[in-house]
Amino acid sequence: MRRTRDPAGREDTSAPRVPTDTGAEQATVEQAKGMLAERFGCDVETAYDRLLELAAGAGVEPETAAALLLGAHPAAPAPGRDPAHGDVPLPRAAPPGDPAGPEDDADPAARLALVERLGGLGWGRWDLATGEARWSAGLYELFGRDPAAGPVGLDRLAEHVVPADLRHAEHFTRALLDRRDPADTEFRVRAGGAVRHLRAMAEPVLDARGEPVALRAVFQDASRGRCDELLAATRLQLMRQRRRVAEERRTAVDLQRALLPLPRGSRDLPGLRAAVRYLPACGATRVGGDWYEATPLSGGGVFLAIGDVAGHGPPAAAGMARVRNALSGLACTGAPPDRLLAALNRMLLNRTPLDEPARGRNGPLTASAVAARYDPGSRVLTWARAGHPPPLLVRDGAAALLEAPEGVLLGAHEAPDLEPVITRLHRGDLLLFYTDGLVERRDRDLADGFRMLLAAAVERPGAGPDAVIDHVLRSLGAANPDDDTCVLAVQVVD
């Protein structure tokens, strides 16, 4: 039993449909079903339901709707006869203005316009001998062309195709004219001030000798489907990127935690009490190369250092481990801080193939650092810096940045100007070593960051290094979205 639908769209299976289709009509219906199945991405049975709905909405037979969809000319039924019910007379047309009468049932142009509008379709025919072209109203709409300007000739149709898609249009034309085969392709056209994706389905009209004398084609608006495909592809790409970013971030954080121990609470060193905080950047994979060192030395001294390796992600974390371990090993030689930084600079400049994982994709490895040696007996701090913010000293309720030549980044110059500085400390003094992620933010001036740091450092008088660090971090905005933050606080206790 063949399914039909009444004009309201309800399925009617109560009686078989009178088989009045000719072989040509059935072939037209099958072609239309195939086209609709591709258009809506459904099976052929569902496509036939769509065809029935279009036909019911237009007030025509499915064969007529199929012919209009394909740009063919449906055979007109005999006057006064209903082709679906044999010789049953049709009702007489209602007088003009009668609200009970049919509106456009007898107007083939209106039927075609409805089918074109519902299906996003338009048809055209080009006579190869005379050059004459005929377009439906739907095709003018698809090309964004004023019907008063007339159809576009076949020889000028390529002028409306986006240049990048001309090869598709040319292949389409060759298949029709040279091989005499039906063709189906997609290309973009300039429709007024916009660009529209069109699907073109065409076939040549052949004469008795098999030579093409005309082309007839149906064009379909594929812009919506293409936009949906692009949107889905973009969403999938973003999802994959998020997964990759999250995995890279986890790897970098795990690597950094393994290479950079972060003890909880305060830690006692010769003559000092120390505390440290490390906050990874809160944005994407912005785990970086910040590091610190606070280690007792033979002879009773303490080695203190903080630094930042340029870059982010696993390469920066690997570079951080290399720089930190190298400087810690050099500190055991007893050399003063400026010479330690000079030796580290030479090491970064003398790169080998083994350095490639640490360097990553961004070229040579560079770093900033402050290195210091504290003698608890004399309370003397000897220190030097290379392209890094200076330490901050809190004494007697006042805070100040220690002065020293800035120096250039390590790994950037063969002979950097590194000078040692000697600072005498008092009992109760507190020193803050920090990376630039603490004071430098995208949404504020660097000078404002330093002013906020100086103000926050003195707002916890008498507090230990742990409490001071926590207050400073809260006051300056905690984690930086774009850069890591590392803070080392040491307080003179003896």
Side-chain angles (χ1 to χ4, degrees), residues 269 271-272 274 276 289-295 297 301-310 323-324 326-328 330-331 333-348 366-376 378-396 398-426 429-440 446-447 449-458 465 468 472 485-492:
L269 297 169
L272 300 172
V276 65
D290 291 16
W291 58 273
Y292 83 98
E293 187 62 86
T295 306
L297 298 173
V302 179
F303 176 65
L304 303 169
I306 197 165
D308 184 1
V309 173
V323 169
R324 178 174 180 266
L327 193 58
S328 297
L330 291 170
T333 65
D338 58 316
R339 294 185 184 178
L340 295 179
L341 294 179
L344 181 61
N345 182 70
R346 289 192 297 272
M347 183 193 73
L348 294 179
T366 58
S368 66
V370 170
R373 183 185 183 97
Y374 177 68
D375 181 2
S378 61
R379 295 178 182 158
V380 169
L381 182 78
T382 305
W383 61 282
R385 64 172 177 150
H388 199 87
L392 181 146
L393 173 63
V394 180
R395 175 183 293 171
D396 298 331
L401 298 174
L402 298 182
E403 295 184 3
E406 182 176 357
V408 298
L409 288 174
L410 300 173
H413 194 274
E414 292 186 359
D417 185 14
L418 300 170
E419 297 182 12
V421 179
I422 295 177
T423 302
R424 296 189 179 276
L425 301 178
H426 301 167
D429 284 354
L430 186 139
L431 281 171
L432 278 179
F433 299 84
Y434 52 92
T435 57
D436 56 3
L438 179 66
V439 293
E440 188 173 10
L446 182 59
F450 278 112
R451 281 193 291 268
M452 294 172 63
L453 173 61
L454 291 170
V458 298
V468 172
V472 166
T485 301
C486 185
V487 183
L488 170 65
V490 294
Q491 189 171 34
V492 179

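With sequence neighbours excluded, the residues that form a salt bridge (Lys or Arg N to Asp or Glu O under 4.0 Å) with Arg395 are Asp429. Under the side-chain hydrogen bond (donor to acceptor under 3.5 Å, both in side chains) criterion, Thr423 pairs with Trp383, sequence neighbours left out. By the side-chain hydrogen bond (donor to acceptor under 3.5 Å, both in side chains) test, Ser368 pairs with His388, sequence neighbours left out.
Between Tyr292 and Arg324, the closest heavy-atom pair is O-NE, 2.8 Å. The two residues Leu410 and Ala386 make their nearest non-hydrogen contact at CD2-CB, 3.7 Å. When every heavy atom of Glu419 is checked against every heavy atom of Pro405, the shortest pair comes out as OE1-CG, 3.6 Å. Residues Ala326 and Leu344 come closest through the heavy atom pair CB-CD1, 4.1 Å. Across all non-hydrogen atoms, the minimal contact from Val276 to Cys486 is CG2-SG, 4.3 Å. The two atoms that bring Leu330 and Thr333 nearest to each other are O-OG1, 2.5 Å, heavy atoms only.
The distance from atom CD1 of Ile306 to atom CG of Asp290, rounded to the nearest 0.5 Å, is 7.5 Å. If you take CG on Leu381 and CZ on Arg373, they are separated by 11.5 Å, rounding to the nearest 0.5 Å. Rounding to the nearest 0.5 angstrom, the gap separating the OG1 atom in Thr485 from the CD atom in Glu440 is 10.5 Å. We find the CZ-CG distance between Arg346 and Leu341 to be 11.0 Å, quoted to the nearest 0.5 Å.
Contact check for Leu446 versus Asp436: no side-chain heavy atoms found under the 4.5 Å cut-off. For the pair Val370/Pro390, no side-chain contact is recorded, criterion being any heavy-atom separation below 4.5 Å from C-beta on. Contact check for Tyr374 versus Leu269: no side-chain heavy atoms found under the 4.5 Å cut-off. When side chains are defined from C-beta on, Val421 does not count as touching Leu402, because their heavy atoms never get closer than 4.5 Å. In this structure, the side chains of Leu418 and Asn345 stay at 4.5 Å or more apart for every pair of heavy atoms. Between Leu431 and Val492 the shortest side-chain heavy-atom distance does not fall below 4.5 Å. Within the 4.5 Å cutoff, side-chain heavy atoms of Val472 are placed close to those of Leu438. Under the 4.5 Å side-chain criterion, counting only non-hydrogen atoms from C-beta, Phe433 is in contact with Val490.
Side-chain atoms of Arg424 never come within 3.5 Å of backbone atoms of Arg379 as a donor-acceptor pair (strictly under, hydrogens ignored). Between the side chain of Thr366 and the backbone N or O of Ala412, no donor-acceptor pair lies under 3.5 Å. Distance alone, capped at 3.5 Å, places no donor-acceptor pair between the Asp417 side chain and the Gly407 backbone.
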Between Leu327 and Phe303, does the side chain to side chain contact (heavy atoms under 4.5 Å, CB included) criterion hold? Intermediate values first, please.
CA-CA 10 Å; Leu327 193 58; Phe303 176 65; 3.8 Å; yes
Between Asp308 and Thr435, does a side-chain hydrogen bond (donor to acceptor under 3.5 Å, both in side chains) hold up when you go through it step by step?
CA-CA 7 Å; Asp308 184 1; Thr435 57; 5.6 Å; no
